[in-house]
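Just so it is clear, the structure is predicted and the values come from calculations on it, not from any experiment.
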Amino acid sequence: MRKILVVGAGQSGLQIALGLQAQGYEVTLMSNRTADEIRSGRVMSTQCMFHTALQHERDIQANFWESQAPKIEGVGVSVAGPDGSRAIDWVGKLDGYAQSVDQRVKMAGWMDTFAQRGGQLVIHGAAVSDLDYFSRTYDLVLVSAGKGELVSMFERDASRSPFDAPQRALSVAYVHGLGPRPEHPEFDAVRCNLVPGVGELFVMPTLTTSGRADILFWEGVPGGPLDVFQGVKDPSEHLALTLELLEKFLPWEYARATKVELTDAGGTLAGRYAPTVRKPIGRLPSGGLVLGVADVVVANDPITGQGSNSASKCAASYIASIVEHGDKPFDGDWMQSAFDRYWETAQHVTKWTNAMLGAPPEHVLDILGAAGQLQPVADRFANGFNDPADFENFFFDPDKAAAYLESVAPGA
């Protein structure tokens with residue numbers, strides 16, 4: 001039986017651990033926190049997972065909260081005009097619903113399940129020296145802890161990393177009491193609100209430790225009016241700032257947020273990081289090799305909501321590569337090929353995300369505008385969140401965009 005060590009108990013690490021465990025591998029999972037510490041801690045992300053990523057969880061029988069989490073049936077886009085009105089406003093329908101489960105709920109539940117199914121769970125913050133020791137006793141070591149010392153083992157890939165500084169200041173608040181969006185009270189949608197030159201607000205329904213909630217997620221251009229959350233430690237002050245900015249920039253979202261309250265004292269988060277792609281193989285002092293997973297090797301800005309989706313897709317891809325490799329050694333060539341296989345999917349996410357961080361070119365504005373009149377355009381854009389590869393066909397290139405809009409125009 002092959003022995004695998006997974007370091008880091010996030011979306012990808014736990015999904016890999018559960019998936020390989022189900023295939024009969026002897027899996028050890030290292031986490032720097034217990035399930036109870038995760039459950040009672042601070043929110044970790046704004047996860048909204050689309051159909052393909054959700055299917056990967058179903059495939060390993062880990063979709064424990066699917067019947068409880070809100071079903072997200074659409075993606076809406078609004079663009080604020082200079083006078084506070086909506087210059088653009090529409091919603092595209094998803095072919096398969098999306099869902100968001102607070103990672104405190106999911107990771108704690110998955111960790112308990114892994115242990116209950118006989119997995120070895122080690123609660124210990126891993127350093128490079130630990131991995132050096134463990135690498136001698138495992139057939140493969142996977143590093144899915146996306147922060148701290150371990151990430152420094154993986155060299156930045158400059159050719160795939162156009163940014164060397166954060167492109168957005170991030171701020172999250174989990175709330176109860178948000179009113180329904182009046183344009184579509186009969187179904188849930190993720191709402192993307194763009195404030196040109198200032199930043200973006202995303203609103204998404206979620207399942208948290210206290211039941212149904214909504215996430216208010218600001219992405220502010222660094223140094224701009226939304227970049228005010230650094231150093232704010234008090235959760236109620238964080239929420240007050242969130243609402244103040246809503247009232248100023250997005251009055252239509254503020255109108256349904258006047259009665260919100262935080263889900264809990266751990267329901268806020270703020271930070272920033274530079275989007276980075278790293279080389280996938282880390283070399284230990286003893287010469288042993290480890291393979292980087294998900295955010296460790298491909299960390300995109302959350303502006304396109306792809307973090308958890310990419311982590312799920314990376315986990316599924318790596319599981320397939322491990323199982324198909326059989327009893328052969330997990331050497332450097334195999335590690336590179338496993339990453340290359342994942343990059344076939346991940347490259348589209350990185351390209352799209354980096355494009356969305358800049359000012360939208362005219363042909364993209366044409367697409368966003370057309371989506372308000374042509375439902376097929378709105379639907380196609382919405383479904384790109386599940387399959388970003390499709391953006392290659394109509395989004396990046398002005399000629400392809402023009403040809404696509406012409407093909408769906410009335411009378412075409």
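- A side-chain donor-acceptor contact under 3.5 Å links D130 to the backbone of A127.
- Side-chain contact annotation: E57 with Q11, donor-acceptor N/O pair under 3.5 Å present.
- The closest side-chain donor-acceptor pair between R341 and S321 falls under 3.5 angstrom.
- Shown here is K248, whose NZ atom has no more than 12 heavy atoms of other residues, nucleotides or ligands within 6.0 Å.
- Looking at heavy atoms from C-beta onward, I319 lies in side-chain contact with L20 at the 4.5 angstrom threshold.
- For the pair S337 (side chain) and W334 (backbone), a donor-acceptor distance under 3.5 Å is present.
- Using a 4.5 Å heavy-atom threshold, the side chains of L207 and S100 count as separate.
- The shortest non-hydrogen separation linking R380 to N393 is NH2-CB, 3.5 Å.
- L5 contributes atom CG, which lies 8.5 Å from atom CG of L140 (distance to the nearest 0.5 angstrom).
- Of the N and O atoms on the side chains of W252 and N193, at least one donor lies less than 3.5 Å from an acceptor on the other residue.
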Residue pair T34, D36: steps toward the side-chain hydrogen bond (donor to acceptor under 3.5 Å, both in side chains) verdict: CA-CA 5 Å; T34 66; D36 285 342; 5.5 Å; no
Go through it in stages, so that I can follow the logic: the residues are D95 and K93, the test is salt bridge (Lys or Arg N to Asp or Glu O under 4.0 Å), and I'd like the CA-CA distance, side-chain angles, deciding distance and then a yes or no. CA-CA 7 Å; D95 294 339; K93 294 300 286 284; over 6 Å; no
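- Applying the salt bridge (Lys or Arg N to Asp or Glu O under 4.0 Å) test to E66 and every residue at least two apart in sequence or in another chain returns R58.
- The closest side-chain donor-acceptor pair between N386 and N383, if any, does not fall under 3.5 angstrom.
- A donor-acceptor contact shorter than 3.5 Å links the side chain of Q306 to the backbone of F385.
- No donor-acceptor pair under 3.5 Å is formed between the side chain of H184 and the backbone N or O of D188.
- F163 contributes atom CZ, which lies 8.5 Å from atom CZ of R168 (distance to the nearest 0.5 angstrom).
- Panel note: side chain Q103, backbone V43; no donor-acceptor pair is recorded below 3.5 Å.
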Start with the C-alpha gap between V7 and S144, add the side-chain angles, then the distance that decides, and say whether side-chain contact (heavy atoms from CB on, under 4.5 Å) holds. CA-CA 6 Å; V7 182; S144 64; 5.8 Å; no
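- Q15 is listed as a side-chain neighbour of I60, based on a closest heavy-atom distance under 4.5 Å.
- Nearest heavy atom pair, residue A315 against residue S12, reads CB-O, 3.8 Å.
- Aromatic ring centres of F381 and F391 lie closer together than 6.0 Å.
- In this structure, P302 and F217 approach most closely via the heavy-atom pair CG-CZ, 3.8 Å.
- For the pair K400 and F394, the cation does not sit on the ring face, since its NZ or CZ is not both under 6.0 Å from the ring centre and inside 45° of the axis.
- The two residues F64 and Q61 come nearest to each other via the heavy atoms CE2-O, 3.2 Å.
- A 4.5 Å side-chain heavy-atom check between S129 and Y133 finds every atom pair outside the cut-off.
- For the pair W90/Q375, no side-chain contact is recorded, criterion being any heavy-atom separation below 4.5 Å from C-beta on.
- No more than 12 heavy-atom neighbours from other residues, nucleotides or ligands sit within 6.0 angstrom of NZ on K233.
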Could you go through V298 and W343, starting from their C-alpha distance and side-chain angles, then the distance that decides it, and tell me whether this counts as side-chain contact (heavy atoms from CB on, under 4.5 Å)? CA-CA 9 Å; V298 185; W343 181 248; 4.0 Å; yes
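- Within the 3.5 Å criterion, the main-chain N or O of V128 finds a donor-acceptor partner in the side chain of E149.
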Between F395 and Y404, is a side-chain contact (heavy atoms from CB on, under 4.5 Å) present by the stated rule, with each step listed? CA-CA 9 Å; F395 185 80; Y404 168 60; over 6 Å; no
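- Atom CG in L121 sits 6.5 Å away from atom OG in S31 (nearest 0.5 Å).
- If you take CE on M356 and CG on N300, they are separated by 13.0 Å, rounding to the nearest 0.5 Å.
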Working note: D112 + R117, criterion salt bridge (Lys or Arg N to Asp or Glu O under 4.0 Å); need CA distance, chi angles, decisive distance, verdict. CA-CA 9 Å; D112 286 340; R117 291 178 179 173; over 6 Å; no
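- Checked options V198, L216, V228; the residue passing with L245 is V228 (criterion: side-chain contact (heavy atoms from CB on, under 4.5 Å)).
- For D340 and Q336, the side-chain atoms include at least one donor-acceptor pair closer than 3.5 Å.
- Checked by atom type and distance alone, the side chain of D164 never pairs as donor or acceptor with a backbone atom of A274 at under 3.5 Å.
- Inter-residue side-chain proximity for R272 and D227 is flagged as met; some heavy-atom pair is nearer than 4.5 Å.
- Classification of the Y342-F339 ring pair by plane angle, with boundaries at 30° and 60°, yields perpendicular.
- Nearest approach of M30 to A126, heavy atoms of both residues: CE-CB, 3.7 Å.
- For the pair V293/I16, a side-chain contact is recorded, criterion being any heavy-atom separation below 4.5 Å from C-beta on.
- Nearest heavy-atom pair, I322 versus Y25, reported as atom, atom and distance to 0.1 Å: O-OH, 3.6 Å.
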Kindly indicate, with the supporting measurements, whether the criterion side-chain contact (heavy atoms from CB on, under 4.5 Å) is fulfilled by F154 and V296. CA-CA 8 Å; F154 300 91; V296 171; 3.5 Å; yes
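- Between the T113 side chain and the G109 main chain, a donor and an acceptor come within less than 3.5 Å of each other.
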Which atom pairs, one a donor and one an acceptor, fall under 3.5 Å between side chains of residues 279-291 and the rest of the protein, sequence neighbours left out?
from	atom 1	to	atom 2	distance (Å)
S286	OG	D132	OD1	2.5

Going through the distances and angles, do T353 and T304 end up as a side-chain hydrogen bond (donor to acceptor under 3.5 Å, both in side chains)? CA-CA 6 Å; T353 304; T304 53; 2.7 Å; yes
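- Between the CG atom in L405 and the CG atom in L374 there is a gap of 7.5 Å [rounded to 0.5 Å].
- Side-chain atoms of D234 and S236 form a donor-acceptor pair, as typed in the model, at a separation below 3.5 Å.
- Judged purely by distance below 3.5 Å, without hydrogens or angles, the side chains of T206 and D102 never pair a donor atom with an acceptor atom.
- Side-chain N/O atoms of R104 and S40 include no donor and acceptor closer than 3.5 Å.
- Remark: the backbone N or O of H238 is paired with a side-chain donor or acceptor of T242 at under 3.5 angstrom.
- Looking at N309, its side chain does come within 3.5 Å of a backbone N or O of C48 through a donor-acceptor pair.
- Here the straight-line distance linking atom CD of E200 with atom CZ of R191 works out to 15.0 Å at 0.5 Å rounding.
- Ring pair W218/F249 is perpendicular by interplanar angle, where above 60° counts as perpendicular and below 30° as parallel.
- No side-chain heavy atom of L29 sits under 4.5 Å from any side-chain heavy atom of V122.
- If you look at H51 and Y97, their ring centroids are not closer than 6.0 Å.
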